[in-house]
Amino acid sequence: MKPFLASLLESSLHSFQKLSSTHCHAIKHGYNSDVYVSNRVLDSYIKSGFLCHAHKMFDEMPHRDTVSWNTMISGYTSSGKLDKAFCLFTGMKRSGSDADGYSFSRLLKGVASAKRFDLGEQVHSLVVKGGHECNVYVGSALVDMYAKCARVEDAFEAFREVSEPNSVSWNALIGGFVQVRDVETAFWLFGCMEMEMMDDGTFAPLLTLLDDPMLCNLLKEVHAKVLKLGLEKEITVCNAMVSSYADCGSVSDAERVFDGLGGLRDLITWNSMLAGFSKLEQKDSAFELFIEMLRTRIETDVYTYTSILSTCSGEEHQVFGQSLHCLVIKKGLEQVTSVSNALISMHIQFPTCAMKDALSLFEALEGKDLVSWNSVLRGLSQKGPSEDAVKFFSYLRSSNIEVDDYAFSAVLRLCSDLATLQLGQQIHALATKSSFESNEFVASSLILMYSKCGVIKNARKCFEQICSTHSTVAWNAMILGYAQHGSGQVSLSLFSQMCNQNVKLDHVTFTAVLTACSHSGLVQEGLELLQLMEPVYKIQPRMEHYAAAVDLLGRAGLVNKAKELIESMPLSPDPMVLKTFLGACRACGEIEMATQVANHLLEMEPDDHFTYVSLSHMYSDAKKWEEKASVKKVMKERGVRKVPGWSWIEIRNEVCAFNAEDRSHPLCEEIYLMAEDLTQEMKWFDSDDQASLLDVNHS
DNA sequence: ATAGGGTTAG
């Protein structure tokens with residue numbers, strides 16, 4: 001009868017109706033006081049998620065043994081109700097049942113997932129007191145508990161206490177070092193493990209450490225080992241491999257693993273591939289994959305939507321993004337914080353009315369977290385009126401929300417855009433007070449802020465104070481700072497230091513050094529860097545690099561060389577490159593070439609005022625009044641308006657804004673006299689570079 | 001009859 005009952009329970013799982021009818025059936029056959037049968041029923045209720053009902057049944061059971069208590073504890077720890085589990089644990093002792101290895105391992109599992117190190121230590125002492133240390137299950141659970149609490153040394157000690165550690169003990173220990181991202185120790189332990197001991201649980205967490213292009217070769221070695229051990233069909237291993245290959249920048253390898261799985265793929269596999277495409281800017285592939293998921297009725301979840309929403313950026317994805325938003329609402333995921341955060345970031349990137357939509361999403365979100373606040377802050381500082389961003393930052397501070405590294409970094413970038421030193425310094429003080437000063441992103445934003453505000457000395461100080469000397473963003477910021485100051489040689493020497501000290505270079509590094517060369521007239525050096533980018537430094541030049549190089553040549557008066565460079569580009573130049581070229585033509589008085597490129601630009605971007613204004617100025621300079629008039633006419637016909645460029649200066653905590661030919665200030669006469677004096681003085685220094693720099697700033 | 005480890009996200 002008992003095996004029959006067991007199989008009946010098995011087939012009744014997850015249906016309350018079936019379970020209770022089986023339960024009744026058992027009672028009818030006189031099994032009510034059979035503790036074995038009762039425990040099986042109890043376990044089935046718990047496995048099916050009917051925890052409350054299980055507890056009621058447990059209370060009414062005529063006989064309870066240790067297994068009954070353990071089953072109940074198990075139910076509470078796996079649903080995260082640690083306090084209830086501990087109540088049962090103490091109740092168990094009071095009613096005379098002794099806790100055994102099962103009780104302790106279940107309890108420790110709950111402690112581990114709640115990361116309650118304090119409770120864990122107490123349980124540990126009870127384990128020792130009860131003499132359960134030699135139980136490998138309890139031992140592994142202890143290792144895992146310390147590992148999850150990031151106490152790797154305690155985990156190691158607990159591991160040493162296990163007399164015959166098995167793969168679970170090893171994996172739990174390695175998992176601890178993975179969690180604290182101690183790559184070296186994690187792989188050292190991996191090397192100490194017997195081959196036969198390694199299983200899927202060993203590889204999955206280790207693979208998550210290999211998330212950098214520099215580690216791609218190691219990833220391939222680990223992959224080879226996975227194949228050697230015949231683990232290539234293990235879903236967790238493959239999922240981790242898809243993510244790691246994507247993080248290492250190799251989509252093709254990620255895709256190969258993904259394709260290799262065929263029908264074995266699960267939701268995490270799809271999500272990992274999707275996130276990979278999205279991260280590596282393969283937007284079309286991401287959209288295709290997502291649509292395939294919908295078409296083939298693969299279930300979608302929160303991860304799916306956060307990934308695909310973050311793929312939608314800017315105008316070209318607005319329509320699709322809005323349909324996605326509808327889909328999110330339909331699935332009832334709009335109030336899930338991570339999804340809503342992705343929606344906020346997406347809407348901020350849309351060109352029209354986006355800030356308003358993003359703000360109303362933010363306000364409607366019940367469970368706002370730091371990411372939500374920072375997404376709005378970043379959006380406002382990039383797109384919104386800067387004053388609103390500053391206001392939002394004070395709002396954040398007054399709301400008792402923690403200001404973290406993301407927030408500091410965003411608001412400092414804002415200060416550098418505004419070139420407002422006083423606000424920047426105040427925020428620097430706040431960052432110092434909350435110890436974010438040495439965070440690489442905060443420090444980089446400080447560097448940019450001080451450089452932009454003209455205090456390169458303080459920028460340098462921030463650079464020196466940074467914790468990690470291997471922070472690419474910090475080096476990039478410092479190189480750019482010196483570039484803006486016209487200290488191109490300093491930028492270049494920082495660049496070679498970066499190479500010597502094995503700091504990772506990225507595409508921003510090259511934008512920064514090329515800018516440095518351009519601002520200091522280092523033509524040969526700049527061109528050489530551009531040429532070496534791909535073959536030596538393994539970084540593919542992007543549009544901004546070509547634009548910087550065109551600028552470099554244009555400033556040096558080498559328009560023809562700039563033209564050659566554009567013609568030799570592997571991709572067709574984008575408007576940014578062409579606008580830079582147009583500027584170069586204008587500066588060199590190459591009217592014919594300028595007209596050609598301008599016509600091309602007018603086709604690409606008929607609504608952008610830049611091209612019209614450049615042409616118009618150039619025709620004025622050349623006194624070609626008819627041409628100038630025709631440009632103005634076309635502008636009028638197309639409804640394009642000149643957007644004046646503003647400058648501003650901070651005087652005694654007050655911002656004074658002005659634009660070219662502005663005569664509205666009460667002290668206007670004196671101001672222009674002073675400007676004239678300064679211009680004369682600069683000419684007197686006979687520095688053509690600085691005079692032309694002044695021109696550029698003015699336009 | 002009840003137990004321990006592992007994959008996706010600013």
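Quantities reported herein were computed from a predicted structural model and do not represent experimental measurements. Below, read A as the first sequence line, B as the second, and so on, with proteins coming before strands; counting in each chain starts at 1.
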Look at all strands and tell whether [X] reaches a base, only sugar-phosphate, or nothing, counting heavy atoms closer than 4.0 Å.
{"X": "Thr66(A)", "answer": "nothing"}
{"X": "Asp369(A)", "answer": "nothing"}
{"X": "Asp247(A)", "answer": "nothing"}
{"X": "Gly175(A)", "answer": "nothing"}
{"X": "Asp266(A)", "answer": "nothing"}
{"X": "Thr306(A)", "answer": "nothing"}
{"X": "Asp144(A)", "answer": "sugar-phosphate"}
{"X": "Ser74(A)", "answer": "nothing"}

How long is the line joining [atom1] of [X] and [atom2] of [N], in whole Å?
{"X": "Leu42(A)", "N": "dA3(B)", "atom1": "CG", "atom2": "P", "result": "13 Å"}
{"X": "Asp98(A)", "N": "dT2(B)", "atom1": "CG", "atom2": "C1'", "result": "16 Å"}
{"X": "Asn341(A)", "N": "dG10(B)", "atom1": "CG", "atom2": "P", "result": "10 Å"}
{"X": "Ile73(A)", "N": "dA3(B)", "atom1": "CD1", "atom2": "C1'", "result": "12 Å"}
{"X": "Asn135(A)", "N": "dA3(B)", "atom1": "CG", "atom2": "P", "result": "13 Å"}
{"X": "Asp211(A)", "N": "dT8(B)", "atom1": "CG", "atom2": "P", "result": "10 Å"}

Handout entry: Lys148(A) side chain near dG6(B) phosphate (N/O to OP1/OP2, under 4.0 Å)
Key = yes
Handout entry: Distance test, side-chain N/O of Lys279(A) to OP1/OP2 of dT8(B), below 4.0 Å
Key = no
Handout entry: Donor-acceptor pair (no angle test) under 3.5 Å: Asp199(A) side chain, dG5(B) base
Key =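 When only heavy-atom distances are counted, Asp199(A) does reach the base of dG5(B) through a donor-acceptor pair under 3.5 Å.
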Exercise for the section: State plainly whether the residues Asp301(A) and Lys331(A) are in salt-bridge range, i.e. N to O under 4.0 Å. Expected result: no
Handout entry: Any donor-acceptor pair under 3.5 Å from Asp144(A) side chain to Ser140(A) backbone
Key = no
Practice task
Measure from the ring centre of Tyr406(A) to the centre of the six-membered ring in the base of dG10(B), then say whether that distance is under 5.5 Å and the planes meet at under 30°.
Solution key: yes
Handout entry: Derivation and outcome, ring pair (Phe, Tyr, Trp, His ring centres under 6.0 Å), residues His223(A) and Tyr245(A)
Key = CA-CA 10 Å; His223(A) 190 167; Tyr245(A) 273 125; 5.6 Å; yes
Practice task
Give the ring-plane orientation class for Phe187(A) versus Phe190(A), where under 30° counts as parallel, over 60° as perpendicular and anything between as tilted.
Solution key: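 Answer is perpendicular, since the angle exceeds 60°.
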Exercise for the section: State which of dT7(B), dA3(B), dG5(B) makes the closest approach to the side chain of Thr208(A). Expected result: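 For Thr208(A), the side-chain atoms sit closest to dT7(B).
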Exercise for the section: Indicate, with yes or no, if the rings of Phe277(A) and Phe290(A) have centres closer together than 6.0 Å. Expected result: no
